[in-house]
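Values in this document were obtained by computation on a predicted structure and should not be read as measured data. Counting convention: from 1, in listed order, for ligands and their atoms alike. Quick note: residue numbers are just sequence positions, from 1.
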Amino acid sequence: MPKNSTIVKQPLSADIKSRALGAYLGLAVGDALGAPIEFLTKREIAHRGGHQEMTGGGWLKLKPGQITDDTEMSLYLGRAWIETGGWNAQLAANQLAEWLKHYPIDVGNTCRRGIRRFMLDGTLHGLENEADGGNGAAMRILPIALATYGDDAAFECAAIEQAHLTHYHPLSDAATLTLGRMVHLLLAGQGVNACLTLANKLIVEHPQFRYAPYAGRASGYIVDTMQTVMHHFFNSANFEDCVVATVNCGEDADTTGAIVGMLAGALYGVSAIPQRWLNKLDDSVRSEIEFQVSALMKGVLK
Ligand code: MN
Ligand code: MN
């Protein structure tokens, strides 16, 4: 596979491990923080005094710190990669089917439809579909981004195949690729400016994603999700402020929280994630994330 020459690989330092772990734990923490206020409006959340603690509750009646489909699907895709020793769309689909059989606490409609299609006829994608513009493929891209760090061609191939298992839509594809590539740049220590360049490229190709001026919508439509994520990621100075401001927009708060938590964790590193939030994550979730980061990046983290 050709290596991506635009990423300058840093020495195999603790830094990159801290960013990779920050990204995965940031994803989980953003998911768990946002999930109790999923589907509330920004006004309703503000009226309650805002949301910045792992309260649990919400429409899914969650335990404090409980993750949802965003983190779960990421973990299942990470397992597929680790067990296979690389990318295999069929085995990744098997893992998502496994997940669906384990009565997940929440499943998006498009994800359910795609996984059920695979379970019924074994196909790895449906037809391109106007209705597939949700954020379900983008929110689970992290394990693939970690595993393909330094190899953009391998990333692009696996990212698109994983996306099309459930979502076959040009805007979902564009967002999924952009997010994974932002993670690569952040892991490489290239910071926010490199991500801004990618965001601008996305907007040139698909002007729908323009996030300034910020329209204030945070729904599960990938355009709204990306606008909310980019607006807050590029207009905050630390992990906590970034994730709190994002989830307080409500609507698909667990998913915007998960995605922005992934980016902010990759930028600021794991030590920037508030300990009071990490403490609320399930021990089993936290240890699987730690295991997956090491296993997915075993060529890089030595
Ligand atoms: Mn969710
Ligand atoms: Mn969601």
Under a plain distance cut-off of 3.5 Å, with no hydrogens placed, do [Y] and [X] share a side-chain donor-acceptor pair?
X	Y	answer
Gln162	Arg140	yes
Asn94	Glu98	no
Thr228	Tyr214	yes

Leaving waters out, which protein N, O or S atoms fall under 2.8 Å from the Mn ion (ligand 1)? Thr68 OG1, Asp69 OD1, Asp70 OD1, Asp254 OD2
How close do Gly22 and Ile273 get, counting heavy atoms only, and between which atoms? O-CD1, 3.7 Å
Check the orientation of His206 and Phe209. Use parallel for under 30°, tilted for 30 to 60°, and perpendicular for over 60°. perpendicular
Using the side chain to side chain donor-acceptor pair (under 3.5 Å) rule, collect all pairs that involve residues 100-116, keeping only residues at least two apart or in two chains. Arg113-Asp132
